[in-house]
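Remember, it's a predicted structure, so these values are computed and weren't measured experimentally.
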Amino acid sequence: MYIRRQRILILTAGYGEGHLQVSRALEHSFRSHQVHHVQIVDLMKEAHPILHSVSTKLYQMSTVSSQFGFDYYGWSYYATRDYNPAGSVQRYLNTIGRRKIQELIKQSRPDAIINTFPFGAVTEMGKEYSIPAFTVITDYTLHSRWIHPDTAKYYVATEDLKNELISYRETQAEHIHVTGIPVRPAFYETSAASPPVHEKDKACSERVLIMAGSFTVFHHITELVHILLEQGDCEMDLVCGRHDKLAHKLNSLFPDHPHVHIYGYVEHMPKLMAAASCIVTKAGGVTLSEALVLGLPAFIFKPFGGQERENAIYFTEHGLAKTSYDAKELGEQICRFLSFPGAKERMGHRMAGMRKGAAAELIVEDILSSLDQQNLHMAYPTEVLKR
């Protein structure tokens with residue numbers, strides 16, 4: 001069997017789980033194509049550990065402060081969204097991680113570098129060492145930080161984002177590939193017809209999956225649960241993630257309730273999502289992409305300023321989700337959805353129209369094809385290739 005010898009360097013950042021999940025999905029796909037030299041590096045953590053620690057803390061705090069009107073992350077996002085990629089501010093930001101990237105290149109000698117976070121120094125260093133740099137945009141909206149000269153190719157979620165990228169700084173269409181956002185293989189493998197994952201008797205046919213760990217105010221969760229218990233005629237799966245205190249508090253409020261199932265961190269999220277009628281979640285690009293793959297309508301509650309708010313706007317405007325800023329409004333939206341025949345199928349049909357296939361596979365196949373083409377040009381004179 002022919003084993004590919006390419007070396008791939010994937011750069012990510014630990015601001016939330018999304019960028020890392022995309023990186024791992026790409027790694028899995030490369031390995032399935034017999035590319036075994038794949039390295040994932042959290043560039044900010046490795047290059048600037050103190051700055052990474054401070055910025056991560058500030059990012060986490062912003063999700064709480066935004067609930068009280070102090071949305072400094074959102075302000076900074078919108079203030080810099082349309083900056084000139086060649087301007088002085090962007091040039092300064094592009095120096096972040098430069099020395100570490102140079103070190104990584106010398107150590108691992110990659111054939112390609114992939115950005116799953118907008119690190120500006122990557123394309124510059126790639127050009128310096130003649131290594132193609134590819135960018136996977138992990139949201140449904142465009143920010144100037146993603147745009148850098150000498151990017152070999154951008155991989156984007158939608159045709160709309162491609163068109164925006166073309167009009168912004170006149171990026172050439174052949175350098176943009178609409179693939180969707182990579183998610184874990186299990187989401188493609190899980191059938192939407194999968195049965196519920198627990199064995200308790202079901203009195204209700206509808207299931208609502210609530211990502212409880214994404215709620216920043218506890219009483220919003222309890223208000224929503226009470227509304228659905230009174231009006232929704234449904235069962236609820238509440239996933240708290242690693243918020244152990246949240247899971248404990250919810251268990252104390254709804255002990256052994258037949259229609260309320262409380263989880264901590266779960267490994268079987270694809271099955272929980274496949275068994276649900278809808279999901280209540282924040283508006284991260286990866287989570288929304290997981291819902292898109294499964295054709296699962298999303299209800300977005302109080303999206304944070306910045307890319308999450310823009311993701312929410314995009315999904316809502318295209319009939320793929322509902323957005324609300326009040327727990328009562330959210331509960332009423334879900335109850336109307338559950339009582340309206342065919343609502344899930346209609347929204348699922350719209351989602352099916354946006355899916356391009358397994359995004360990680362599409363990206364990896366395209367990158368490997370680009371590398372093969374590059375090797376061909378290096379191996380043969382131009383006049384031979386033209387024959």
Side-chain angles (χ1 to χ4, degrees), residues 12 16-32 40 116 136 138-140 157 179-200 202 204-215 234-243 247 260-301 308 311 315 320-321 334 337 344-345 347-364:
T12 190
E17 289 288 325
H19 302 289
L20 184 56
Q21 288 186 27
V22 168
S23 300
R24 287 173 176 164
L26 291 170
E27 178 188 29
H28 181 275
S29 185
F30 272 116
R31 295 191 186 282
S32 72
I40 298 175
T116 68
V136 181
T138 55
D139 285 298
Y140 289 82
T179 59
I181 297 174
V183 301
R184 286 174 286 170
F187 283 93
Y188 296 104
E189 298 162 1
T190 300
S191 168
S194 297
V197 297
H198 31 68
E199 301 299 325
K200 296 182 180 181
K202 311 299 183 298
C204 309
S205 60
E206 304 289 354
R207 307 192 68 81
V208 178
L209 176 59
I210 302 173
M211 306 304 292
S214 65
F215 282 69
C234 63
E235 297 202 26
M236 284 165 274
D237 294 322
L238 278 66
V239 178
C240 302
R242 294 185 172 88
H243 297 262
V260 179
H261 315 286
I262 300 166
Y263 301 88
Y265 180 79
V266 298
E267 294 286 353
H268 56 280
M269 184 58 69
K271 289 185 178 180
L272 279 175
M273 291 178 68
S277 303
C278 62
I279 184 172
V280 180
T281 182
K282 63 178 185 176
V286 173
T287 302
L288 291 178
S289 297
E290 292 168 349
L292 192 68
V293 167
L294 294 175
L296 181 63
F299 288 83
I300 301 167
F301 183 59
E308 288 199 9
N311 290 339
F315 264 62
L320 312 174
I334 295 172
F337 169 82
K344 183 177 188 297
E345 287 72 19
M347 293 180 78
H349 180 72
R350 296 190 195 105
M351 289 178 156
M354 287 187 61
R355 293 197 294 268
K356 302 296 181 181
E361 283 291 301
L362 294 173
I363 292 170
V364 165

Please evaluate residues R24 and T12 with respect to the criterion side chain to side chain contact (heavy atoms under 4.5 Å, CB included), reporting the C-alpha separation (whole Å), side-chain torsions for both, the decisive distance (0.1 Å), and the verdict.
CA-CA 10 Å; R24 287 173 176 164; T12 190; over 6 Å; no
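- Side-chain contact between L209 and M269 is present, with at least one heavy-atom pair separated by less than 4.5 Å.
- Side-chain atoms of V136 and P182, non-hydrogen and from C-beta on, do get closer than 4.5 Å to each other.
- Residue V183 comes nearest to Y188 through the heavy atom pair CG2-CE1, 3.6 Å, listed as atom of the first residue, atom of the second, then distance.
- Separating the CE atom in M236 from the CD1 atom in I334 is a distance of 9.0 Å, to the nearest 0.5 Å.
- Put simply, the side chain of E189 does not reach to within 4.5 Å of the side chain of P270, judged on heavy atoms.
- Interatomic distance, CD1 of I181 versus CG of L292, reported as 9.0 Å (0.5 Å rounding).
- A25 and A360 get closest at one heavy-atom pair: O-CB, 3.7 Å.
- Heavy-atom minimum distance, P297 versus S277: CD-O, 3.6 Å.
- With S214 contributing its side chain and M211 its backbone, the two residues share a donor-acceptor pair below 3.5 Å.
- Summarising the geometry of Y140 relative to G285, their closest heavy-atom pair is CE1-O, 3.7 Å, with the distance given to 0.1 Å.
- Using cut-offs of 30° and 60° on the angle between ring planes, the pair F215 and F301 is parallel.
- Across all non-hydrogen atoms, the minimal contact from A247 to I262 is O-CG2, 4.1 Å.
- Of the inter-residue distances, the one linking K356 atom NZ with L362 atom CG reads 10.0 Å to the nearest 0.5 angstrom.
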I'd like to know whether T190 forms a side chain to side chain contact (heavy atoms under 4.5 Å, CB included) with V293, so could you lay out the CA-CA distance, the side-chain angles of the two residues, the decisive distance to 0.1 Å, and finally the verdict.
CA-CA 10 Å; T190 300; V293 167; over 6 Å; no
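- There is a side-chain donor-acceptor pair under 3.5 Å between S23 and T116.
- To the nearest 0.5 angstrom, K282 atom NZ is 10.5 Å from L288 atom CG.
- The OG atom of S289 sits 10.0 Å away from atom CE of M351, with the distance rounded to the nearest 0.5 Å.
- Across all their heavy atoms, A274 and L294 have their closest contact at N-CD1, 3.9 Å.
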Apply the test side chain to side chain contact (heavy atoms under 4.5 Å, CB included) to residues L272 and Y263: give CA-CA distance (whole Å), side-chain angles for both, the deciding distance (0.1 Å), then the verdict.
CA-CA 11 Å; L272 279 175; Y263 301 88; 4.1 Å; yes
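- A distance of 9.0 Å separates NZ in K344 from CD in E206, rounded to the nearest 0.5 Å.
- Side-chain atoms of V286 and E17, non-hydrogen and from C-beta on, never get closer than 4.5 Å to each other.
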Assess whether side chain to side chain contact (heavy atoms under 4.5 Å, CB included) is satisfied between R350 and M347, documenting all intermediate values.
CA-CA 5 Å; R350 296 190 195 105; M347 293 180 78; 3.6 Å; yes
